[in-house]
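In what follows, every chain begins at residue 1, and chains take the letters A, B, ... in the order their sequences are listed.
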Amino acid sequence: MNNTFQFYNTLTRTVETVIPHEEGKIAMYTCGPTVYHFAHIGNLRSYIMEDVLEKSLRYVGYDVKRVMNITDVGHLSSDADTGEDKMLKGAKREHKSVMEIAKFYTDAFFADCAKLNIKTPDVVEPATNCIAEFIHMIEVLLEKGCAYLAGGNVYFDTSKLKDYYVFSSQSEKELLVGVRDDVEEDANKKNKNDFVLWFTRSKFEDQALKWDSPWGVGYPGWHIECSCIGIKHLGEYMDIHCGGVDNIFPHHTNEIAQSESYLGHPWCGYWFHVNHLNDKSGKMSKSSGDFLTVSLLEEKGYDPLVYRMFCLQSHYRKPLEFSYEVMDNMSAAYGKLIKKIADLREEGEVDLAFFDHYRQKFVDALSGDLNTSMAITIVYNLLKEDVNDATKLALVKDFDQVLSLGLQAAKDKIKADQSDVDAELESYILAKIEERKAAKKAKDFARADAIRDELLEKGVALKDTREGVVWSLVN
RNA sequence: GGCGACUUAGCCAAGUGGUAAGGCAUGGGACUGCAACUCCCUGAUCGUCGGUUCAAAUCCGUCAGUCGCCUCCA
């Protein structure tokens with residue numbers, strides 16, 4: 001068991017060694033998607049990096065339990081009860097019911113995750129499954145005097161906290177309310193940082209999802225779900241809470257406020273935040289019109305795993321700028337890497353001493369604030385080492401448990417590309433190859449080149465290698 | 001206005017006090033009938049100015065630029 005796994009803890013703003021509440025076990029929580037639309041590749045960057053974090057922790061020997069919520073209700077586009085519920089907005093847009101929208105985009109989200117080799121968390125819980133728990137938590141907060149009723153809604157009273165701005169040294173005075181044009185201040189709040197736990201007064205008459213509660217028919221505020229679902233599945237102590245940097249304030253600040261007030265003790269010791277993916281105009285956002293999805297990347301001919309590699313070769317705490325130039329760069333690099341690995345032969349005995357030595361290098365890279373870029377470099381270095389292929393292959397497969405770049409399936413991947421070709425086409429290709437071989441032998445190079453061009457037009461590229469002629473499909 | 005992050009070769013990027021990993025691209029070469037593949041070789045003093053130190057990309061300060069957050073967001 002490696003017990004020196006370190007990463008940057010937003011709570012303390014330092015790189016710290018993880019010390020779980022229960023030895024050997026990690027209780028990990030991830031803020032899941034709001035399922036009103038497709039996830040864009042910026043959203044997915046967070047999930048990719050969190051996936052690497054989870055797998056790294058498992059790789060060094062931790063028993064990880066990971067929980068993710070699905071936000072399918074109560075996520076207003078504004079906090080002042082004037083915004084529109086995102087789910088409802090999605091439903092209107094597509095003329096479907098809210099639950100149909102939630103189902104469709106939840107499935108789409110996990111389909112994208114699968115393409116990116118992101119493991120599905122151990123527990124996935126939609127918010128609408130936990131209404132009773134939300135209500136219970138809010139009742140307790142009211143009993144404890146941490147919450148109040150105003151204008152029909154239940155609010156969390158931030159003035160009852162000793163330390164609300166746990167993630168920053170911001171003061172309430174300096175905090176501007178309504179910096180964004182579309183945000184209005186809610187007159188019901190006692191303090192400007194208070195936030196809604198339960199809405200009963202929806203301004204949308206067609207609000208589709210409503211539940212009965214002690215305070216009237218309504219729906220939960222956004223923050224309550226993560227606190228509640230986290231506690232429901234991981235107990236009173238959580239080790240690592242993950243999310244995008246934009247969740248730091250107010251979402252995670254509010255989660256801490258609610259959870260610790262409810263539990264009466266510190267809740268989660270480590271906060272892992274992934275920086276944003278930007279394009280040249282700035283942050284990629286679902287709410288700002290056009291956005292890039294995994295499907296779009298596929299349409300443009302990129303393997304989704306190229307995007308995963310693009311994320312891994314950067315550091316999770318750095319802003320990353322997306323461009324097709326970099327994707328092309330990455331695509332070439334990925335193709336070469338896969339090919340190198342596919343060329344390894346499964347011969348010889350694995351050199352165990354070498355294996356352990358290299359495995360340790362890999363562990364060190366991951367343990368040092370998730371240095372995934374270095375982890376990839378280690379793969380490149382490994383391929384250049386003077387050891388037998390069996391050892392290299394064993395290590396690559398081992399590393400791919402964390403990297404999940406399809407490295408261990410490299411051979412199959414290349415074969416699979418060819419198996420997409422039907423038998424008729426294949427025999428045609430093979431016949432042409434024979435014909436060209438004969439032409440070459442007769443030094444009829446014009447004819448040989450013509451055959452090669454002919455196949456290329458049909459999307460088949462020929463290469464004369466030392467082992468003979470090989471063909472592959474091109475786009 | 002407040003808070004925070006980032007700035008290393010054409011591009012991505014590692015590096016946290018001792019004279020700059022790796023990848024892609026480029027250029028040159030080997031191989032090839034040609035091409036592709038493969039292999040070899042090829043590049044930066046680390047945004048600015050100043051300070052600390054025997055020694056700084058690495059510490060401190062300064063200016064500049066880019067980006068994010070301040071109740072939609074991963």
Geometric cation-pi criterion, A:Lys190 with A:Tyr148: 6.0 Å, 45°: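 Yes, A:Lys190 sits over the ring of A:Tyr148.
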
Does the side chain to side chain contact (heavy atoms under 4.5 Å, CB included) test come out yes or no for A:Val294 and A:Tyr307, once each step is laid out? CA-CA 9 Å; A:Val294 172; A:Tyr307 177 67; 6.0 Å; no

Using the side-chain heavy atoms of [X], tell me which of these nucleotides is nearest: [options].
| X | options | result |
| --- | --- | --- |
| A:His276 | B:A21, B:A5, B:A74 | B:A74 |
| A:Gln313 | B:C11, B:A13, B:A74 | B:A13 |
| A:Ala333 | B:C69, B:C24, B:C73 | B:C24 |
| A:Met374 | B:A21, B:C73, B:C6 | B:A21 |
| A:Leu320 | B:G23, B:C12, B:A21 | B:C12 |
| A:Asp449 | B:C12, B:A14, B:G33 | B:G33 |
| A:Arg13 | B:G4, B:A74, B:G23 | B:G4 |
| A:Ala332 | B:A21, B:C69, B:C24 | B:C24 |

If the cut-off is 4.0 Å, is [X] near the phosphate of [N], judged by side-chain N/O to OP1 or OP2?
| X | N | result |
| --- | --- | --- |
| A:Asn193 | B:C70 | no |
| A:Asn329 | B:C24 | no |
| A:Lys336 | B:C39 | no |
| A:Lys340 | B:C37 | no |

Applying the Watson-Crick and G-U wobble criteria at under 3.5 Å, what pairs with [N]? Answer none if nothing qualifies.
| N | value |
| --- | --- |
| B:C39 | B:G29 |
| B:A20 | none |
| B:C67 | B:G4 |

Between the base of [N] and the side chain of [X], is one N or O donor paired with an acceptor at under 3.5 angstrom?
| X | N | answer |
| --- | --- | --- |
| A:Asn275 | B:G68 | no |
| A:Ser46 | B:A74 | yes |
| A:Arg452 | B:A35 | yes |
| A:Ser314 | B:A13 | no |

For atom P, what is the distance between B:G10 and B:G27, given to the nearest Å?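 Approximately 16 Å lies between the P atom of B:G10 and that of B:G27.
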
Interatomic distance at C1', B:U19 relative to B:U8, whole Å: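 Straight-line distance between the two C1' atoms is 16 Å.
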
Could you label the plane-to-plane angle of the A:Phe362 and A:Tyr59 rings as parallel, tilted or perpendicular, counting under 30° as parallel and over 60° as perpendicular?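 It falls in the perpendicular class, over 60°.
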
Determine, for A:Asp369 against A:Arg317, whether the closest basic-nitrogen to carboxylate-oxygen distance falls under 4.0 angstrom.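 Yes, this pair counts.
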
Test side chain to side chain contact (heavy atoms under 4.5 Å, CB included) on A:Phe272 and A:Tyr8; report intermediate values, then the result. CA-CA 7 Å; A:Phe272 177 87; A:Tyr8 182 86; over 6 Å; no

